[in-house]
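The figures that follow rest on heavy atoms only: side chains count, while hydrogens, waters and symmetry mates do not.
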There are 2 protein chains.
Amino acid sequence: MPFKIGELAKATDTQAVTIRFYEKEGLLRQPERTGAGYRLYSEEDVERLHFIRRCRQHGMNLAEIRELLAFRDSPAPSCGWIGELVERHIAKVEEQIASLETLKAHLQALRGSCSGENGHCGIIDSLAHGAPCPCCEGLHCRLERRPPQE
Amino acid sequence: MPFKIGELAKATDTQAVTIRFYEKEGLLRQPERTGAGYRLYSEEDVERLHFIRRCRQHGMNLAEIRELLAFRDSPAPSCGWIGELVERHIAKVEEQIASLETLKAHLQALRGSCSGENGHCGIIDSLAHGAPCPCCEGLHCRLERRPPQE
DNA sequence: CTAGTCCCTATAGCGGCTATAAGGTCAAGC
DNA sequence: GCTTGACCTTATAGCCGCTATAGGGACTAG
């Protein structure tokens, strides 16, 4: 009945390396091993990894996920703080959206600042001398730290 | 008239380490040095660094900035591709916004899924068994890769 | 002459993976 | 039995754009 890492990977749409990474990070338990040293998983692991991946899809970081897993592993009677965690999360997402909207407006203005004529680029000029982008005074909005895999 | 790295840092709201990093990356030239080895900068460097920081604020990565600087350093007659770069950039920002809006909706649904009663958390349940967040099938939306400095 | 502020280089770390190297294991087909 | 190929293992380095740390030198004011 137990299965190897490739199957867990397929079932959860996660790369095997990532699974081993989660194990090293303590998000997944150390699994049983076959005689040859292959990791062996069960349905329970599928569920746990699903949980982790859902959390990642919701933009939670590994520290937050660790907290949630700890709760899941030993449920306390009150879970109000989980709602609060989600709440805080929503607030962060809203901030990001607002920041990106401002950025977009600024980029649109930038795009319009060059006529493409007389061997001189207004965009370059604006970038050198124009007003700073108001969206992210402290360089908060780091887009594209990694490009979406294409 | 030339000034040291601290002054350049202050003038452009950039950390000295970051300036040295840009130099290593080839975005800033190797500056003159004092007898003691201190870097010496001019107004031109302020302008160039300003340019770089503006680009960063607009969410451009260092590779894109390198392209723009190359153009700035040796202006060609036609600069249509710069407009296109900005255009592509706007498209990416719009994608991000859309992705975040979907995420937000999903988080709000999640928040509503727990009554906080009978020692059992609906949010945890939804995360383990609910539908995946549609916003980022391939985990495209990596929020918070670095938290905004606080 | 000391304290404090600036500057220098070099190296490691952040998050969440991804990629690469170099090899072991197992089943199927010849 | 022997090869081929798909799978598994560990270990290490790299991605990006910095940030932090260690360990030191230079310069100024009191």
Could you tell me whether B:K92 and B:E64 make a salt bridge, using a distance below 4.0 angstrom between a side-chain N and a carboxylate O? yes

Is there a side-chain polar atom (N or O) of [X] under 4.0 Å from OP1 or OP2 of [N]?
X     : N      : result
A:Y22 : C:dG16 : no
B:T18 : D:dT19 : yes
A:Q15 : C:dT18 : yes
A:R20 : C:dC17 : no

Counting only N and O atoms by type, is there a donor-acceptor contact under 3.5 Å from the side chain of A:T12 to the main-chain atoms of A:L8? yes

Please give, in whole Å, the distance from [N] [atom2] to [X] [atom1]?
X     : N      : atom1 : atom2 : result
A:E23 : C:dG16 : CD    : P     : 18 Å
A:E7  : D:dC7  : CD    : C1'   : 12 Å
A:Y41 : D:dT9  : OH    : C1'   : 12 Å
A:Q30 : D:dT9  : CD    : P     : 12 Å
A:K24 : C:dC17 : NZ    : C1'   : 10 Å
A:L62 : C:dG13 : CG    : C1'   : 16 Å
A:I19 : D:dT10 : CD1   : P     : 13 Å
B:I5  : C:dC6  : CD1   : P     : 13 Å

Check A:N61 against A:R56 and note the closest heavy-atom contact, atom names and distance. CA-NH1, 4.1 Å

Nearest-nucleotide wise, let me know which of B:K4 and B:V17 is further upstream toward the 5' end of DNA chain C. B:K4

Which comes earlier along DNA chain C counting from the 5' end, the contact point of B:A16 or that of A:A63, where each point is its nearest nucleotide? B:A16

Pair A:Y41, A:R48: side-chain N/O donor-acceptor within cut-off below 3.5 Å: no

Would you say A:I97 and B:E101 make side-chain contact, with heavy atoms under 4.5 Å? yes

Tell me, do B:L68 and B:C55 make a side-chain contact under 4.5 Å, heavy atoms counted? yes

Return yes when atom CD of B:E32 has more than 12 non-hydrogen atoms of other residues, nucleotides or ligands closer than 6.0 Å, and no otherwise. no

So if I take every side-chain heavy atom of A:F21 and compare against D:dT19, C:dG16, C:dC8, which nucleotide ends up nearest? C:dG16

Please list residues of residues 31-40 of chain A whose heavy atoms come under 4.0 Å from any atom in DNA chain C, ordered by number; otherwise none. A:A36, A:Y38

